[in-house]
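Being a predicted model, the structure only gives us computed values, none of them experimental.
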Amino acid sequence: MEFIQKYFFLILKLLLAVALFLLLTHNAQFKPDLLMQFFSHPFFLAAVVTIFMVQILFVSGRWYLLNSAQHVNLDFFSTFIATYIGAGFNNILPGAVGGDVVRWFYLVKKIPDKKSAILFSLFLDRILGFMGVIITVALVFSSRMHAVSQNPKLYYPFLLFALLCITMLAGFFTLVLVSAKIQLGDFFQKRFPEQKWAKLAASFFNGLKTYHISTRSIAKGLLLSVVIQIIMAITVKLIAEMMGYSGINLTDYIIAASLTLVVNLIPATPGGVGIGEMAFANILILLNPGSTAAFATVYFGYRLIGTLVYLPGVIMFIPRMLALRRSHAAV
């Protein structure tokens, strides 16, 4: 009973994920037997695993760029390892330990005097990644705007998505301006002096005031973000090819994969499992009316291979987490 009370919301999320997969199976959008096709295409499977690692290289490059702008002197290999481990926690664990927390912890242990700089570079890394999604989807949609405008089921959700993105970006830049004017960092330090979350918030807002990055570096980060979205779409297309689904344009996979990343942020299920598959399948069906492909299986296959690729990173970091928990318990 105590276990159920402690993990009540997590259990609810897991049940919702199971219900969504049952619904997708009923609608023939999820066919688990297709996953066995991976073993029939070892060359494609090896290519997908390689592309997953290439994607981590580009994500590491973007974060390395942002850290360097703040004089966080960490070599690229260490940045890559931290990014790889963080990706593992983002893709595998359903709990509260996110990949960004792991990345921050990993770097702070190496460079303890740069806490606020590391925290803000992580935040800006997320922002640039999100902006990369916006730019990629906007470019693809603009090239197909005539066809999209004829389909209200695509056109109005796209406008809603664009409005949401613009609002979030406006909120971010407003936050940067406000933090410099009203000293939010000092406010949190004085108002909640004993709270750990307040110290973290104060560190973040103080970092906002001191963080400087050139327009050229921002442009490079955005370019890397767009490349990452394209790499992701290529990976999904290769997985679809392994399952026997050919004939779908790469641009359709770019739209579906990019928008699904945003949908996955909805915290209704662990990691957006089930919700992401449903969104991915419905977007591709809207883009390809009459198609009967089990697109939800394609996205689940993407998750599954990603889990296997990133699992070593989680295994590498678990001993550190256990050691940290034991030290806190001892204190």
Side-chain angles (χ1 to χ4, degrees), residues 55-93 95-134 165 168-169 171-176 179-180 184-185 188 196-214 217-229 232 261-262 264-265 267 271 310 313-314 316-317 320-321 324:
Q55 185 174 347
I56 292 296
L57 277 173
F58 278 98
V59 176
S60 302
R62 185 178 65 200
W63 193 30
Y64 179 78
L65 179 72
L66 297 174
N67 282 330
S68 298
Q70 190 62 4
H71 306 294
V72 176
N73 300 317
L74 189 72
D75 60 278
F76 183 81
F77 179 75
S78 297
T79 305
F80 173 81
I81 293 297
T83 305
Y84 176 68
I85 295 172
F89 278 83
N90 274 336
N91 283 271
I92 295 173
L93 294 188
V97 181
D100 286 346
V101 175
V102 173
R103 286 201 288 169
W104 183 79
F105 176 79
Y106 188 92
L107 259 68
V108 165
K109 284 294 181 181
K110 289 181 173 292
I111 314 173
D113 60 328
K114 290 283 188 176
K115 291 182 179 180
S116 61
I118 295 169
L119 182 64
F120 188 67
S121 70
L122 277 170
F123 182 72
L124 191 56
D125 184 61
R126 280 287 185 177
I127 291 293
L128 288 180
F130 192 72
M131 290 177 70
V133 173
I134 299 170
C165 294
M168 292 183 68
L169 293 175
F172 166 69
F173 289 112
T174 301
L175 187 64
V176 173
S179 64
L184 287 175
F188 280 106
K196 290 184 178 180
W197 66 266
K199 292 179 181 178
L200 194 62
S203 178
F204 171 74
F205 286 115
N206 288 333
L208 281 178
K209 294 187 297 182
T210 60
Y211 196 91
H212 300 287
I213 185 169
S214 66
S217 295
I218 290 288
K220 288 181 180 178
L222 288 175
L223 179 60
L224 286 171
S225 298
V226 172
V227 171
I228 290 166
Q229 295 306 309
M232 180 182 176
L261 280 179
V262 180
N264 275 336
L265 297 176
Y310 299 135
V314 175
M316 287 167 53
F317 200 73
R320 291 195 181 191
M321 288 186 59
L324 180 65

Looking only at heavy atoms, which two atoms of G88 and Y310 are closest? And how far apart? CA-CB, 3.4 Å
Only counting residues at least two apart or in another chain, list the ones meeting ring-ring contact (aromatic ring centres under 6.0 Å, His included) with Y64. F76
Taking atom CZ as the centre, does F58 end up with more than 12 heavy-atom neighbours from other residues, nucleotides or ligands that are less than 6.0 angstrom away? no
Under the side chain to side chain contact (heavy atoms under 4.5 Å, CB included) test against I228, which residue among V59, I56, L57 passes? V59
Quick one: pull up OG in S78 and CG in N67 and give me the separation to the nearest 0.5 Å. 11.0 Å
Output all residues satisfying side-chain contact (heavy atoms from CB on, under 4.5 Å) with V226, sequence neighbours left out; order by chain, then residue number. I135, T136, I230
Where do G132 and S225 come nearest, in terms of heavy atoms and distance? CA-CB, 3.6 Å
Could you please spell out the steps behind the side-chain contact (heavy atoms from CB on, under 4.5 Å) verdict for R103 and I85? CA-CA 7 Å; R103 286 201 288 169; I85 295 172; over 6 Å; no
Rounded at 0.5 Å granularity, tell me how far CD in Q55 sits from CD in Q229. 8.0 Å
Across all chains, not counting sequence neighbours, the side chain to side chain donor-acceptor pair (under 3.5 Å) partners of S68 are none
Nearest 0.5 angstrom please: R126 CZ to L66 CG, how far? 13.0 Å
Smallest separation among heavy atoms of S60 and T79, with atom names: O-CG2, 3.6 Å
Contact list for residues 59-73, test salt bridge (charged side-chain N to carboxylate O under 4.0 Å, His left out), sequence neighbours left out: R62-D125
